[in-house]
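Take a look at the structure set out below.
Each ligand, and each atom within it, is numbered from 1 in the order the structure gives.
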Amino acid sequence: MNIPYLDLTIQYKALESELKPAVERVMAEGKYILGPEVEECERALAQFVGAPYALTAASGTDALLMALLARDIGPGDEVITTAFSFFATAEVIALIGAKPVLVDVCKESFNLDIEQLESKVTSKTKAIMPVSIFGQVADMDEINKVAEKHGLFVIEDAAQSFGATYKGKKSCGLSAMGATSFFPAKPLGCYGDGGAIFCQSEEDFQALQEVRNHGQPSRYYHTRLGINGRLDTMQCAILLAKLKRYPWEIEQRQRIAKVYDQSLQGFKGLMTPKIKSDRDSVYAQYSLLVENRDDFQKKLMELGVPTSIHYPKGMHEQPALKKWMSGEAFPVTEEIGEKVISLPLYADMPAAHVEHVVNSVKRVLG
Ligand SMILES: *Cc1c(COP(=O)(O)O)cnc(C)c1O
């Protein structure tokens, strides 16, 4: 049996009767940019997260970039982030001319190692950008505490953790700002690129609104440099329909993760993901650590189980970031890069496919 890594068409079929009229309405209304569905979607997103303000963005990358621009971070500034993430996290920091300062991660959670955070703070540090990787929220309380002590601003890169909870509160609403992505393969995806930024203060919200629209507080009057970071009305209409089903989808993701957790214990050289007891995960990826990963991946593929590697290389190993790096090693990130492998997991994954993954992993590991 050959199964797909991800099949979003099952979800589309389930929502088709709501999505089609929603999209048709946008087309007939003619307000394709910042139409009424945009604000409606932002209200729904803010309510879902429990944050005072939400602003949609053209992508998760733009949401992160807008957060830095709104706080006037730039050349001469340092922003602390993790060595283990998707490239965009450190990319946006370097793109505006600030220095990405990396912290290694914990092997159990794949998230930023709080023990190493404070030693990275210098007089140039302006912000901390933790990543809630694979859908599990980072240690936000401890991170906020370090930030408060040193007068720093915290942006959670919640591109993979939208909907995850931490001590009873939701990801994206746990620090001054939180940014997420609606790239189709993320836990909550739209039908193209998309993202959102959440914030706590009116001041940040206004700055973000200006930055999203070329730095213009009023038409053709530009007080700062911004970008075109708007999300299409069409995508907002799609998100509004998909958001209603999302709590059910989170439950399904967690249910499948539990099947994997319970079925894949007790194999030598295999570690299933560890979620801390005061939070949950939306499992943007279900990532194992395994010895002889490349061989394991090849054998699973032969049994019809596709997998993926997030991420084979740390930020410090990326040529594009070389000028910011000092040659420092990030041993946990490097070890994860060699051992990590993600199994197929999505809300609408057929039970027979889940079973096939479990049986195949068991067969490969003997
Ligand atoms: C996907 C992702 C991004 C970027 O989001 P896009 O919508 O693809 O621009 C940023 N950070 C992390 C951790 C991501 O997984």
Side-chain angles (χ1 to χ4, degrees), residues 5-6 8 41 45 54-69 79-96 100 102-103 105 109-112 127-140 143 154-164 171-172 174-175 177-198 208 211-212 227-232 235-236 238-239 242 253 273 281-287 308-315 318 320-321 333 336-337 340 342 345-346:
Y5 188 74
L6 172 65
L8 291 170
C41 179
L45 290 169
L55 200 77
T56 51
S59 68
T61 306
D62 275 356
L64 290 169
L65 181 62
M66 282 161 33
L68 297 171
L69 290 170
V79 178
I80 301 175
T81 187
T82 156
F84 182 73
S85 180
F86 177 57
F87 184 62
T89 315
E91 181 185 35
V92 292
I93 299 168
L95 198 60
I96 57 160
L102 306 180
V103 185
V105 292
S109 65
F110 307 107
N111 273 326
L112 185 151
I128 309 173
M129 196 189 280
V131 180
S132 295
I133 201 87
F134 299 155
Q136 175 175 205
V137 177
D139 293 319
M140 295 304 288
I143 292 164
V154 178
I155 316 151
E156 181 195 9
D157 179 344
Q160 304 186 2
S161 60
F162 186 74
S171 180
C172 289
L174 302 167
S175 57
M177 290 192 205
T180 196
S181 165
F182 302 125
F183 180 79
K186 305 281 171 160
L188 177 65
C190 57
Y191 289 163
D193 278 304
I197 177 102
F198 298 79
L208 286 166
V211 163
R212 182 174 70 170
I227 60 172
N228 169 1
R230 303 176 300 254
L231 183 61
D232 299 340
Q235 297 298 347
C236 288
I238 290 164
L239 277 171
K242 290 189 58 170
R253 301 180 81 92
S281 176
V282 291
Y283 295 97
Q285 300 298 337
Y286 185 91
S287 300
S308 65
I309 311 294
H310 308 91
Y311 299 90
K313 293 231 178 295
M315 296 292 182
Q318 301 295 349
L321 295 172
T333 293
I336 293 171
V340 74
S342 305
L345 188 158
Y346 55 100

Atoms of ligand 1 less than 4.0 Å from [X] heavy atoms?
| X | result |
| --- | --- |
| Val131 | 13 (C) |
| Thr61 | 4 (C), 5 (O), 6 (P), 9 (O) |
| Gly60 | 5 (O), 6 (P), 7 (O), 9 (O) |
| Ser85 | 13 (C) |
| Gly194 | 7 (O) |
| Ser181 | 5 (O), 6 (P), 7 (O) |

- Who are the salt bridge (charged side-chain N to carboxylate O under 4.0 Å, His left out) partners of Asp139, not counting sequence neighbours? Lys276, Arg279
- Non-hydrogen atom of Asp193 closer than 4.0 Å to ligand 1: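 Flag not set, Asp193 not near ligand 1.
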- Item | Parallel, tilted or perpendicular: rings of Tyr311 and Phe134 (30°, 60°) |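 Aromatic pair Phe134/Tyr311 classed parallel.
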- Item | Heavy-atom donor-acceptor pair, Gln235 side chain to Tyr191 backbone, under 3.5 Å | yes
- Does any N or O in the side chain of Thr180 come within less than 3.5 Å of the main-chain N or O of Ala158, such that one atom is a donor and the other an acceptor? yes
- For ligand 1, is there an N or O atom under 3.5 Å from any N or O atom of Lys186? yes
- Task: Could you tell me whether Ala159 and ligand 1 have an N or O pair separated by under 3.5 Å?
- Result: no
- Rounded to the nearest 0.5 Å, how far apart are OG1 of Thr81 and CD of Glu91?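 Spacing of OG1 (Thr81) from CD (Glu91) equals 12.5 Å.
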- Message: For atom 11 (N) of ligand 1, what is the closest protein heavy atom, and at what distance to 0.1 Å?
- Response: Asp157 OD2, 2.7 Å
- Item | Residues forming a side chain to side chain contact (heavy atoms under 4.5 Å, CB included) with Leu6, sequence neighbours excluded |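 Leu6 satisfies side chain to side chain contact (heavy atoms under 4.5 Å, CB included) with Leu8, Ala185, Tyr346 once adjacent residues are dropped.
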- Message: Is there a side-chain contact (heavy atoms from CB on, under 4.5 Å) between Leu68 and Val92? Walk through the geometry before answering.
- Response: CA-CA 8 Å; Leu68 297 171; Val92 292; 3.9 Å; yes
